[in-house]
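Remarks on the structure that follows.
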Amino acid sequence: MLHTLSALIRSLLPATFTEDDRWRATCATAAYTARVFASIGIALFLAFTFQLQSPMSAATTVLIVANPTVGAMVSKSMWRVIGTVIGAGISVAVMAAFVQSPVLYFAALAFFVGLACMVATFLRLFRAYAAVLTGYTIVIVSSPAFAHPDSIFLAAMGRLSAVTTGVVVTAFVFMITSPRKPTQVLSTLGDAFRETVRHALSFHAAESTRSSPAQAADAMEDQMPGLENTSSTPAFRGLPQPLYDSRGRLLARMTGLGPAIEYAAADDRDMQARVNRLRVGLSRLTGLIVTYHPYWLNLSLANGASCQVHLEVSETLRQILELTERPDWQNDPHPISDCIHRALKKLAVLERQNPSPTVLASLDNTRDVLGQLDMALSDITTRRPSRASFKMGTYLEWPMALRNGARGTFIALLAGLLWYVLHWSTGPMLMMFVVAASSLLSTTPSAAKTSPLMAMGTALAIPASFLCHVIGLPRIDGYPLLWLTVCVFLLPGVWLQFHPRYSIGAFGYAVFFTMMLSVTNPIVYDDMTLTNNWMTMAAACVLLVLVFRVILPADHRLDAARLVTSLTRSVQQLAAARQNKPILWAAWEGMQLQKISRLMMRLSFLDESVDRKGYTDAAFAALSLGRLIVRLRWNAGHTTLAPSAHAALMDALTSFKTLHQAPEQTAAKLRNAADIISTVPHPEDACLARERVVSCLQQAAYIITSVPGFFHRYGPLQLSPDIPGANAGVTVAVPHRNAVFG
């Protein structure tokens, strides 16, 4: 009876109260909102007590720096103060240089705003806020002093005081009330390790089911017709849909783990000492995930002996999953590492038993997987890493940064000239919004896509500000009521900030609501000024969308094509590097993974006519091609090949210089080199090295011929959408095109 009554009550309640995950998320959001409101109350009270010129700036600072993760909040606060100091200094210098020339002043101001937007695009995580704050602090400091230039220094000090007050209060409240668990990141990283192993196991377990040459031949006969398939979704070597779904979930999880590691390092000294190794370990795990693409095992279908390789790896991965079920496995990873090394020894035995290129293709690939898994295990479990660990490089996407810089420069110059030419009494507010919004949008993956959301959130703040001034503020006779009134109107913006769909709009609503709120001590009501401010903000929202979506829009197809070209050129540079130059694979792979992550994001903005899944798999295949090049370079420098075979291998590496112009020609040269090397007689102790080289050359040629549209400079994505063939798949051969006549 009680069970039935409980079930009836749960069925009547909303899902938020009945589902455990949603209830925990609601409680976490409520706790974060309460901390933000407490910080706003204390910061606003101190701003009034210190009699700061703009007390609401302290509340705005709280809204900008607040973050559920203490490490993120600390990092964000530190960089916000740095950006404010730099912006205040630039503001004073520009005002002093062009005090009697408004047009030159606005030009200089627009230049620095554009520079700040460009730098904000380059920087990672909350380091970008230093550039963002530099951009719009210049405007916030200089706007009130435009009519009285002599007061610019006092305005800068007032702004810095308000920001510092908000930062210190937010840090104090959150560090006291927030649970600080930097070790939770290590546990999450361990779970990601297990999920990566499980993903690899599902792949190898499927391949190991072909236990005989007959089954392998049947599978090859079924899939070979896909080679002639010219559709955008070729059937050949397509992965099962569950593997695609698993890969997508894992990649999204890895993307979220990157910032979590950075934030934990900002809050814990032990994590700070390990942060570089953890970054490398996360990159290795991501590289393992993207290893499994449709073009990975191209030769294993031709010989059932390769199934034994996958069977051995499957057993090893199952043992690793069993070993990682222990709660303290991250404190003692040696049993897992020993298991991996035992598997590597067994693979070496299989290599000597059947040294054919078809088996070596699977052996080399799986050996790389196990080796990378062992190194990733070491990276995420080493407690006291050595100082010799390298830092992962950051990919700088110059086209996107230059476009954001141009947007910031143009919108700041346009707003300044509108203010100057029209003698707009609220011109300073117009400039403050457009500069602040463009600076903040520069940190988003797609400023053009998020600008309407930012404008919409700000537009919703206009009626909220009107209601607050008309209904709330006139009835206030003390500070507690002021604080409660402000919190009531800020509640939607603060609550929805971490909802993926509404986050940008909610952030714009909360931040710019406080900017429009004319709260001073004492409060003075001026209906004409308030109305003018609201109309100015509405015009600023229109101006923001106009610049970001109409005048300087984004071309996601062109951005994706540039990333594809960058991946191809990186493969070419890897092959063309000097033989005596050491190749740090983890650093090279990490850089390409950043490009692939951005490529996947750009592809998600395109319509279904583009072969998005094909381009994603082809990008992963480009990483495999780079790994094959590294193997070929190692064999060229560390194995004893016959002089003619060594010369053919070097010619094969040289042939990659035509990869971007004629990928089919490169593949033909690789096959020709493989044929030459396979026929050159070698001593018995060098035969295995010869077969390894032949295997790598055959795999590289296969990858290139499988996705020629990805590597070719006139591939489908490189063409304008209205050109015939622009929506072809990456597996389709690219016809010859003239650079001028098409």
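Given the structure is predicted, the values throughout are model-derived calculations rather than measurements.
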Ser442 (side chain) donor-acceptor with Ser438 (main chain) under 3.5 angstrom: yes
Gap between atom CZ of Phe513 and atom CE of Met537 - 0.5 Å precision: 12.0 Å
Heavy-atom neighbours of Met456 CE exceed 12 at 6.0 Å: no
Side-chain heavy-atom pair Leu544, Leu441 within 4.5 angstrom cut-off: yes
Between CG on residue Leu563 and CE on residue Met400, distance to nearest 0.5 Å: 10.0 Å
Parallel, tilted or perpendicular: rings of Trp534 and Phe466 (30°, 60°): perpendicular
side-chain contact (heavy atoms from CB on, under 4.5 Å) between Thr61 and Thr170, worked out: CA-CA 9 Å; Thr61 299; Thr170 308; 5.7 Å; no
Closest non-hydrogen atom pair between Val113 and Gly408, with its separation: CG1-O, 3.7 Å
Spacing of NE2 belonging to His660 relative to OH belonging to Tyr714, to within rounding of 0.5 Å: 9.0 Å
Residues Thr450 and Thr444: side-chain donor-acceptor under 3.5 angstrom: yes
Ser570/Gln592 under side-chain hydrogen bond (donor to acceptor under 3.5 Å, both in side chains): CA gap, chis, key distance, verdict: CA-CA 8 Å; Ser570 295; Gln592 310 318 310; 3.3 Å; yes
Backbone N/O of Ala88 and side chain of Ser91: donor-acceptor pair under 3.5 Å: no
ring-ring contact (aromatic ring centres under 6.0 Å, His included) against Phe37, all qualifying residues, sequence neighbours excluded: none
Gln594 side-chain N/O to Tyr395 backbone N/O, donor-acceptor pair under 3.5 Å: yes
Check against side-chain hydrogen bond (donor to acceptor under 3.5 Å, both in side chains), Thr514 and Thr60: CA-CA 6 Å; Thr514 58; Thr60 305; 2.7 Å; yes
Separation between CD1 of Ile411 and CZ of Phe433, rounded to the nearest 0.5 Å: 8.0 Å
Student check: side-chain heavy atoms of Val730 and Pro716 closer than 4.5 Å: no
side-chain hydrogen bond (donor to acceptor under 3.5 Å, both in side chains) contacts touching residues 399-410 (sequence neighbours left out): Thr121-Asn404, Arg403-Asp559, Asn404-Arg407
N/O donor-acceptor pair under 3.5 Å between His712 side chain and Gln661 backbone: yes
Under 3.5 Å donor-acceptor, Gln718 side chain and Ala561 backbone: yes
Spatial distance of atom CG (Leu251) from atom OG (Ser597) [nearest 0.5 Å]: 8.5 Å
Taking every non-hydrogen atom, the tightest pair across Ala437 and Met454: CB-CG, 4.3 Å
Thr536 (side chain) donor-acceptor with Asn532 (main chain) under 3.5 angstrom: yes
Heavy-atom pair of closest approach, residues Pro663 and Phe711: CB-CB, 4.2 Å
Test of ring centre spacing under 6.0 Å for Trp495 and Tyr32: no
Residue pair Phe620, His293: steps toward the ring pair (Phe, Tyr, Trp, His ring centres under 6.0 Å) verdict: CA-CA 7 Å; Phe620 296 159; His293 53 80; 7.1 Å; no
Contacts of Ser566 that satisfy side-chain hydrogen bond (donor to acceptor under 3.5 Å, both in side chains) - sequence neighbours left out: Lys595
Least distance between heavy atoms, Ala726 atom then Ser720 atom: CB-O, 3.2 Å
Side chain Thr568, main chain Val564, donor-acceptor under 3.5 Å: yes
Residue pair Leu63 / Ile40, side-chain heavy-atom distance below 4.5 Å: yes
Atom of Ala108, atom of Val94 and distance for their closest heavy-atom approach: CB-CG1, 4.0 Å
Under-4.0 Å salt bridge between Arg612 and Asp607: no
Main-chain N/O of Leu717 paired to Tyr615 side chain as donor or acceptor, under 3.5 Å: yes
Inter-residue atom distance Leu603.CG - Arg598.CZ, 0.5 Å rounding: 14.0 Å
Closest heavy-atom pair and its distance - Phe106, Gly416: CE1-O, 3.5 Å
Within-4.5 Å side-chain heavy-atom neighbours: Tyr292 and Arg247: no
